[in-house]
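Some notes on the structure that comes next.
All residue numbers in this chain count up from 1 along the given sequence.
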Amino acid sequence: MLEEILRHLNNWFLRERHEGAFTVEKGGLALPFLREGQYFRIVGSVFNDGLHRYPAEDLTNETFTGSVWALAVPPAVVSLAEEIAAWQAKQGAAALSPYQSESFTDYSYTRATDAQTGGALTWQAAFRGRLNAWRRIKGAER
């Protein structure tokens, strides 16, 4: 979920970008520029593109030419991602429903909607106000 949120924000909290040839061996990648617990992003790999946490030990062995981004994701964003994941687990199916409301004899319900679009209430809409603090303008990536 954190990767999806960072993509949605257009903000990876990039600190350094290292480009070149990298080799994943025994499920890991030796990256001396990262600290334990630090998030990093792989770009340009066939099997391992995406967000990882150092030291990642579940990568697929390969040699690739691409880049590894050293990230500094704030703890508040990580906590918010956990909160969004919990919300999504509880509310996410409702956003996929084609029905806004239903009623049967004495029973009825109306699904919450996004006030801006009138559509289903997604995690992006439900957490918009809190996410906006970290949003970056498209094309503003370092």
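The CG atom of Asn48 lies 13.5 Å from the CZ atom of Arg41; values are rounded to the nearest 0.5 Å. To the nearest 0.5 Å, atoms CG (Asn10) and CZ (Arg135) are separated by 9.0 Å. Going from atom CD of Glu4 over to atom CD1 of Ile84 covers 9.5 Å, rounded to the nearest 0.5 Å. With rounding to the nearest 0.5 Å, the separation of CZ in Phe13 from CZ in Arg15 is 9.0 Å.
Taken together through direct or relayed side-chain contacts under 4.5 Å among Ile, Leu, Val, Met, Phe, Trp and Tyr, Tyr54 and Leu6 form parts of separate hydrophobic clusters. Cluster annotation: Trp12 and Val68 are assigned to distinct hydrophobic clusters (Ile/Leu/Val/Met/Phe/Trp/Tyr, side-chain heavy-atom contacts under 4.5 Å, transitive). A continuous path of Ile, Leu, Val, Met, Phe, Trp and Tyr side chains, each step under 4.5 Å between heavy atoms, connects Trp87 with Leu2, placing both in one hydrophobic cluster. Put simply, Phe40 and Met1 are part of two different groups of oily side chains (I, L, V, M, F, W, Y) that touch within less than 4.5 Å, one to the next.
A salt bridge between Glu83 and Arg130 is present, with a side-chain N of the basic residue lying under 4.0 Å from a carboxylate O of the acidic one.
Residue Arg53 comes nearest to Gly37 through the heavy atom pair NE-O, 2.7 Å, listed as atom of the first residue, atom of the second, then distance. Nearest heavy atom pair, residue Pro55 against residue Glu36, reads CD-CG, 3.9 Å. Taking both residues in full, the closest heavy atoms of Gln38 and Ala70 are given as NE2-CB, 3.8 Å, listed atom of the first, atom of the second, then distance. For the pair Glu3 and Gly50, the tightest heavy-atom approach, listed with the atom from each and the gap, is OE2-CA, 3.3 Å. A pairwise comparison of heavy atoms in Gln124 and His8 identifies CG-CE1, 3.4 Å as the closest pair. Of all heavy-atom pairs between Trp134 and Asn11, the closest is O-ND2, 2.9 Å.
With contacts defined as side-chain heavy-atom distances shorter than 4.5 Å, the pair Leu51/Ile42 does not qualify. Between Leu14 and Leu71, some side-chain heavy-atom pair lies under the 4.5 Å cut-off. Using a 4.5 Å cut-off on side-chain heavy atoms (C-beta onward), Ile5 and Leu80 make no contact. Between Tyr39 and Val78 there is a side-chain heavy-atom pair separated by less than 4.5 Å. Side-chain contact between Arg136 and Leu9: absent, with no pair of heavy atoms (C-beta onward) separated by less than 4.5 Å. Counting heavy atoms from C-beta outward, Glu62 and Val46 have side chains that approach closer than 4.5 Å.
Separation of the Trp69 and His18 ring centroids does not fall under the 6.0 Å cut-off.
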List the atom pairs, with distances to 0.1 Å, where a side-chain N or O of residues 19-33 and a protein N or O form a donor-acceptor pair under 3.5 Å, not counting sequence neighbours.
| unit_1 | atom_1 | unit_2 | atom_2 | d |
| --- | --- | --- | --- | --- |
| Thr23 | OG1 | Thr63 | OG1 | 3.2 |

Under the side-chain contact (heavy atoms from CB on, under 4.5 Å) rule, what do Trp123 and Leu131 come out as? Steps first, then yes or no, please. CA-CA 10 Å; Trp123 66 263; Leu131 290 167; 3.9 Å; yes
